[in-house]
2 protein chains.
Amino acid sequence: MEPTKAAQRAQAKAEYNAFLAACPSRRLLDRISDKWVVLILCALGGESPDAARAMRYSEISRLLAGVSQKMLTQTLRALEHDGLLTRTVTPTVPITVTYELTDLGLSLHQLTGGLRQWAQTNMDQILANREAHEAARG
Amino acid sequence: MEPTKAAQRAQAKAEYNAFLAACPSRRLLDRISDKWVVLILCALGGESPDAARAMRYSEISRLLAGVSQKMLTQTLRALEHDGLLTRTVTPTVPITVTYELTDLGLSLHQLTGGLRQWAQTNMDQILANREAHEAARG
DNA sequence: CAGGATCCCGCTAGATACTG
DNA sequence: CAGTATCTAGCGGGATCCTG
């Protein structure tokens, strides 16, 4: 009679449906389907799972070329709020703030890292597709 | 002296770096890190890899509750342009247009489907994190 | 009636300048 | 160094119109 873990997991899966606009998971999916979220997770997560490390604000800012301070701060705060990363303030002079992925953030990094990998791996194919598509219909 | 396939792959990986703002793969990553892209891929890809199927415009529109016609059309065209899906017009009355993932689109669906799954699986944890975070600092 | 193009508006991303 | 505050332009989104 005791519910198995598999049954509990199936139950949890059935609870949320990201296709429904009103479902909380839909809003969560919208949030993580964001270019800055993906890039920040890729930065903090490193190339391999064990390469994750804490980074300073300026370090992230430098790595993610093109990000504005506003979007970086805003996105970091949102990720902290959701428990995907921790923000640590060290009162040195000048002040030091580091960001580090939580276990939950690391689990999501498995996926976002895949996105980055996919983009880099299939870039040539996509470029070829675009050319073919443009040639086909001008 | 002949380059191995692994070496060629490593070379291809080194070519693109999604962290660089000027790199084409960065723009590609920005594109696929988009909520409508993710949802459309999830819709056309189905729950399991073999559940992928062609869908009509109105069918997608209904499934992705909350998407505007403009964004749906715009995103579908962009995905077609990149070769992630095909657009097929059947001259019935009234006209029928179906969209279907290509192999490349299916490969990306492996990842976006994971995002959706992750959002639905970790929703409860995130909600708990938010509450804890708000309680901690009002 | 399905499919989509166009116009208009509000919001938000992003650049710039300023502060603890 | 690590942010906040302010302003503007461009994008997202709804209403409307067009076409087969």
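Each chain gets a letter, A, B and so on, in the order its sequence line appears, and its residues count up from 1.
Relative to the axis of its first five pairs, the axis of the last five pairs of the helix from dC1(C)-dG20(D) to dG20(C)-dC1(D) sits at 40°, rounded to 10 degrees.
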Between L104(A) and I126(B), is a side-chain contact (heavy atoms from CB on, under 4.5 Å) present by the stated rule, with each step listed?
-> CA-CA 9 Å; L104(A) 189 60; I126(B) 299 269; 3.8 Å; yes

Go through D34(A) and K35(B) one step at a time and tell me if the side-chain contact (heavy atoms from CB on, under 4.5 Å) criterion holds.
-> CA-CA 7 Å; D34(A) 173 82; K35(B) 61 177 180 176; over 6 Å; no

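Looking at E47(A) and R116(A), a side-chain N of the basic residue comes within less than 4.0 Å of a carboxylate O on the acidic one, giving a salt bridge.
Residues S33(A) and L29(A) share a closest heavy-atom pair of OG-O, 2.7 Å.
Going from atom CG of L39(A) over to atom P of dG14(C) covers 11 Å, rounded to whole Å. In this structure, the CD atom of E59(B) is 14 Å from the P atom of dG4(C), given to the nearest Å.
The shortest distance between the side-chain N/O atoms of R56(B) and the OP1/OP2 oxygens of dA2(C) is not below 4.0 Å.
Inspection of the Y57(A) and T96(A) side chains reveals no N or O donor paired with an N or O acceptor under 3.5 Å.
Grouping the Ile, Leu, Val, Met, Phe, Trp and Tyr side chains by contacts below 4.5 angstrom, directly or via other members, places L20(B) apart from I60(A). Side-chain heavy atoms closer than 4.5 Å link hydrophobic residues (I, L, V, M, F, W, Y) into clusters, and following such links, possibly through other members, connects Y99(A) to I95(A).
Taking 4.5 Å as the limit, every side-chain heavy atom of L101(B) sits out of range of all side-chain heavy atoms of L84(B).
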For nucleotides 3-20 of chain D, read 5' to 3', which letter fits each nucleotide if B means a protein heavy atom sits under 4.0 Å from the base, S means only the sugar-phosphate is that close, and - means neither?
-> BB-------BBB------

